Amino acid sequence: MLKIYNTLSRDKREFIPITPDAVRMYVCGMTVYDYCHLGHARVLVVFDMAYRWLKASGFDVTYVRNITDIDDKIIRRAAENKESIHALTQRFIAAMHEDADALGVQRPDHEPCATQYVPQMLEMIEKLEENGLAYRAADGDVNYAVRKFPGYGNLSGKSLEDLRAGERVDVTDGKNDPLDFVLWKHARDSESDEVKWDSPWGKGRPGWHIECSAMGSEILGKHFDIHGGGADLQFPHHENEIAQSEGAHKCRFVNYWMHNGFVRVDEEKMSKSLGNFFTIREVLKKYDAEVVRFFILRAHYRSPLNYSDMHLDDAKGALTRLYTALKFLPVRPEPSTTLRTKGLVEGERGDASAHATSTNSRQASTGSARTDLMDWNEPHARRFKAAMDDDFNTPEAVAVLFDLANEVNRTQSAEAASQLKALAGVLGLLQRDPQAFLQGGAGEGGFDDTVISAQIEARITAKKSKNFAEADRIRKELLETGIVLEDSAMGTTWRRV
RNA sequence: GGCGCGAUAGCAAAGCGGUUAUGCACCGGAUUGCAAAUCCGUGAAGGGCGGUUCGACUCCGCCUCGCGCCUCCA
């Protein structure tokens with residue numbers, strides 16, 4: 001039984017989908033005007049993990065992660081760069097995909113761009129107007145009348161009074177209440193036609209919050225299961241989404257709200273305004289993408305995650321241990337063809353759901369494709385599943401991986417090795433050829449493979465003639481370039497530090 | 001100021017009212033020509049003060065400290 005911590009109820013509860021066996025999930029994605037940083041990487045990886053686990057648990061998942069391709073910062077940046085909005089956003093959407101792909105993030109089922117859903121947004125704003133929740137301000141903007149929505153503040157645990165008491169809310173422009181937010185921004189003369197859309201309220205462009213409400217309901221329906229995003233979106237963004245969606249549709253919007261914790265640098269939130277951010281691609285120059293993914297998954301998604309080279313080094317060492325366990329062992333064949341992949345996915349689904357629905361008969365009929373690949377009754381798998389079902393407790397799940405690695409090293413069991421690879425695969429980890437990972441490294445200079453092989457041969461010759469001084473010299477020389485040699489019964493292998 | 005989250009061994013990070021988390025580092029042993037890797041073993045913890053309990057790292061209260069949201073932010 002999967003339990004999810006729901007920000008709305010502030011506790012962990014059993015996950016019950018609206019439609020049996022199906023999950024509809026929406027996650028707030030990126031505003032594309034710059035490269036993604038590690039904070040974005042965390043959202044990508046965390047919800048990819050949730051997506052994978054839901055699928056592995058037998059749910060038919062529809063995952064939507066939007067792209068904000070129109071907003072103040074985009075407009076400003078495009079102007080600075082003297083390029084079109086479209087050129088700018090396309091560039092950074094491509095960059096985002098590169099980064100996400102590198103991190104092993106599966107593409108969502110839908111990746112809608114805000115600019116493609118303006119009609120739906122207009123429709124929603126009109127509904128809000130009809131329902132008496134939106135009004136046209138003197139400056140031409142259309143605003144949401146927050147005080148007219150009774151549940152405002154429920155998600156973030158704030159009351160309107162508390163919010164008003166805060167001195168940080170600007171009392172400006174045409175808002176009836178300082179807490180009201182913009183649904184539709186009127187066009188300014190200075191702005192290019194590229195950011196102007198026709199509307200019943202004249203030319204303009206959508207406010208930020210409306211896009212998620214409109215795209216969510218358009219693609220997933222008015223009421224869906226899971227909505228996620230970074231913890232900083234809890235207020236006001238998600239609070240406003242609720243007000244918009246429930247205000248327009250007059251029905252419940254989302255059942256489970258999930259928020260991931262921040263990435264920090266020196267115990268401070270990584271953010272653009274603080275300037276303490278590292279872009280994904282920057283980090284990937286120094287660390288293997290899988291190390292970064294492992295680093296993220298090794299912490300619980302709701303906890304803060306401190307970034308530093310030291311921690312990445314630590315993660316690399318840990319992942320190395322896992323891959324080392326798989327180094328000499330044959331694991332079951334990779335699903336390389338599409339048919340095979342399809343079979344795997346379906347089997348995964350059926351198998352896990354059979355397990356999830358405990359002891360019924362589905363197991364026999366659906367387990368076949370996957371049974372040889374994954375035995376969910378195996379003790380490690382059970383522990384892994386229990387951990388993941390407990391609000392996606394990946395640190396615990398990863399601990400199971402290490403216990404399995406120990407068993408592999410101890411028993412040299414191909415079954416254990418296969419199980420290790422299969423369970424790790426559920427997290428999007430450990431799917432590469434171990435040698436490729438161990439010998440990969442950042443590839444900053446040093447010897448190439450042929451030189452290394454030659455050196456290893458030379459060392460073996462030296463060892464045979466008991467010339468240990470020479471053998472040690474070669475080993476030391478390689479070590480200085482970051483190559484570690486490991487002798488074993490199977491011969492000498494090497495890896496990069 | 002309002003609201004919320006957190007404090008676990010040298011570092012990182014989980015579960016759990018009583019029984020080894022896990023990874024890295026450390027120490028001892030096995031293995032190795034020596035290493036590395038691996039295995040076995042030891043050591044190392046729960047911010048402070050109270051309370052509940054036969055028993056608390058785990059529940060409750062208070063305090064201290066840290067972080068976050070209240071403005072764009074993943």
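This is a predicted model, so every value here is computed, not measured. Side chains are part of it too, since the values below use all heavy atoms of this structure and drop only hydrogens, waters and symmetry mates.
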Check: In residues 454-467 of chain A, which ones come under 4.0 Å of RNA chain B, going by heavy atoms?
Finding: A/R459, A/K463

Next item on the list: Just compare B/C69, B/C24, B/U22 and give me whichever is closest to any side-chain atom of A/F262.
Entry: B/C69

Checklist line | Between B/C57 and B/A45 - P atom distance, rounded Å | finding: 12 Å

Note to self: Suppose we screen for side-chain hydrogen bond (donor to acceptor under 3.5 Å, both in side chains). Which residues come up paired with A/R10, at least two apart in sequence or across chains?
What the structure shows: none

Any protein N or O atoms within reach of nucleotides 17-21 of chain B? Criterion: under 3.5 Å, listing atom names and distances.
none

Checklist line | Under the side-chain hydrogen bond (donor to acceptor under 3.5 Å, both in side chains) test, residues paired with A/E194 that sit two or more places apart | finding: none

Item checked: Ion pair check, A/R91 and A/E83, cut-off under 4.0 Å -> yes

Note to self: Going by ring pair (Phe, Tyr, Trp, His ring centres under 6.0 Å), name the residues that satisfy it together with A/F149, two or more places apart in sequence or in a different chain.
What the structure shows: none

Notebook entry, point to check: Should the pair A/R496-A/D288 be classified as a salt bridge under the 4.0 Å nitrogen-to-oxygen rule?
Noted result: no

Margin query: Just to verify, what does A/Q455 make a side-chain hydrogen bond (donor to acceptor under 3.5 Å, both in side chains) with, not counting sequence neighbours?
Written below: A/E477

Note to self: Can you tell me whether the side chain of A/R298 and the base of B/A13 have a donor-acceptor pair closer than 3.5 Å?
What the structure shows: no

Next item on the list: Give the nucleotide from the list B/G68, B/A74, B/G15 with an atom nearest to the side chain of A/E268.
Entry: B/G68

Item checked: Of the listed nucleotides B/G23, B/C69, B/G15, the one nearest the side chain of A/D232 -> B/C69

Notebook entry, point to check: Which nucleotide sits closest to the side chain of A/W208: B/C72, B/C34, B/A13?
Noted result: B/C72

Next item on the list: Verify whether one side chain among A/E241 and A/Y26 offers a donor that lies under 3.5 Å from an acceptor in the other.
Entry: no

Taking N or O atoms only and anything under 3.5 Å, show me the protein contacts with nucleotides 39-43 of chain B, one pair per line.
from  : atom 1 : to     : atom 2 : distance (Å)
B/C39 : OP1    : A/R321 : NH2    : 3.2
B/C39 : OP1    : A/N406 : ND2    : 3.0
B/C39 : OP1    : A/N409 : ND2    : 3.2
B/C39 : OP2    : A/R321 : NH1    : 3.3
B/C40 : OP1    : A/R410 : NE     : 3.4
B/C40 : OP2    : A/N406 : ND2    : 3.3

Check: Within the modelled atom types, does a donor on one side and an acceptor on the other bring the side chain of A/D472 and the base of B/G33 under 3.5 Å apart?
Finding: yes

List, with names and distances, any nitrogen or oxygen atoms from the protein found under 3.5 Å away from nitrogen or oxygen atoms belonging to nucleotides 6-9 of chain B.
none

Margin query: If the cut-off is 4.0 Å, is A/S308 near the phosphate of B/A12, judged by side-chain N/O to OP1 or OP2?
Written below: no

Next item on the list: Please state the C1' separation for the pair B/A9 and B/G15 - nearest whole angstrom.
Entry: 16 Å

Margin query: Within residues 274-281 of chain A, which residues have any heavy atom lying less than 4.0 Å from an atom of RNA chain B?
Written below: none

Notebook entry, point to check: RNA chain B in dot-bracket, Watson-Crick or G-U pairs under 3.5 Å, [ ] crossing, | other strand?
Noted result: (((((((..(((.....[...)))..((((.......)))).....(((((..]....))))))))))))....

Pairs under 3.5 angstrom, nitrogen or oxygen only, protein versus nucleotides 60-63 of chain B, please.
none

Notebook entry, point to check: When the C1' atoms of B/C60 and B/G17 are considered, how many whole Å apart are they?
Noted result: 13 Å

Checklist line | Residues forming a ring pair (Phe, Tyr, Trp, His ring centres under 6.0 Å) with A/Y144, sequence neighbours excluded | finding: A/F181

